[in-house]
Amino acid sequence: MMPVSTSALQQMAIYLGIVSGGGCAVMYYLMQQNFAKSEYYKLAIEELNKHDRALDALGAPPLQVRNIKLTDRSNRADGISARIKIPVYGTKSAGYLHTYSVRDSVQKRWFLQEAVLQLLDGQQVSVYPSIKDEDNQ
């Protein structure tokens with residue numbers, strides 16, 4: 001057997017570190033995309049797009065939606081319920097759309113239960129169900 005040099009082992013370790021790090025980054029991105037494709041995520045964004053006061057507070061359209069942070073403990077989903085925190089922003093402000101959805105086991109569909117826009121300045125807008133008294137319109 002031929003002895004392997006230390007520099008060759010170092011290069012191999014660096015290469016494997018880069019490959020495994022890249023693989024983790026790709027998996028993280030794909031998991032974020034799975035959230036964005038989910039029915040409960042889409043329902044929440046649709047409701048936000050219908051809510052004029054929330055869109056005005058953000059300075060939207062255009063409404064920009066960022067990927068959720070998988071490491072945020074606010075984001076939880078199983079086959080029965082989903083509670084997610086979606087980063088959103090417009091030209092005036094930014095914040096998080098806090099949502100809660102449940103899945104009907106008979107119809108196999110998700111139903112939005114609550115969506116609240118929390119702006120970075122502390123302002124809150126009830127997006128769903130829309131509470132007109134809070135909106136002060």
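Cluster annotation: L55 and V116 are assigned to distinct hydrophobic clusters (Ile/Leu/Val/Met/Phe/Trp/Tyr, side-chain heavy-atom contacts under 4.5 Å, transitive). A chain of hydrophobic side-chain contacts below 4.5 Å, direct or via other Ile, Leu, Val, Met, Phe, Trp or Tyr residues, connects I86 to L70. Taking hydrophobic clusters as Ile, Leu, Val, Met, Phe, Trp and Tyr residues chained together by side-chain heavy-atom distances below 4.5 Å, V102 does not share a cluster with V127. Grouping the Ile, Leu, Val, Met, Phe, Trp and Tyr side chains by contacts below 4.5 angstrom, directly or via other members, places L119 with I68. Note: the hydrophobic cluster containing Y100 does not contain I45 (ILVMFWY, side chain heavy atoms under 4.5 Å, direct or indirect links).
Checking side-chain atoms of T91 against main-chain N and O of G59 turns up a donor-acceptor pair under 3.5 Å.
When all heavy atoms are compared, the tightest approach of S93 to A57 is CB-O, 3.5 Å. Here the closest heavy-atom approach between residue A44 and residue L112 is recorded as CA-CD2, 4.1 Å. Closest non-hydrogen pair, G95 versus L58, comes out as N-CD2, 4.3 Å.
Applying the side-chain contact (heavy atoms from CB on, under 4.5 Å) rule to L120 yields the partners A94, Y96; only residues at least two apart in sequence or on another chain are considered.
With a 6.0 Å radius and a threshold of 12 heavy atoms from other residues, nucleotides or ligands, Y29 has its OH atom at or below the threshold.
Applying the salt bridge (charged side-chain N to carboxylate O under 4.0 Å, His left out) test to pairs two or more places apart or on separate chains, those with a residue in residues 91-107 are D56-K92. Legend: side chain to side chain donor-acceptor pair (under 3.5 Å) pairs involving residues 7-22, not counting sequence neighbours, sorted by first then second residue: S5-S7. Residue pairs meeting the salt bridge (charged side-chain N to carboxylate O under 4.0 Å, His left out) criterion with at least one member in residues 68-79, sequence neighbours excluded: D72-K85. For residues 36-48, the side chain to side chain donor-acceptor pair (under 3.5 Å) pairs, not counting sequence neighbours, are E47-K50. Screening residues 108-119 for side chain to side chain donor-acceptor pair (under 3.5 Å) gives Q118-Q124 as the qualifying pairs, with residues at least two apart or on separate chains.
Using a 4.5 Å heavy-atom cutoff, the side chains of S74 and I84 are not in contact.
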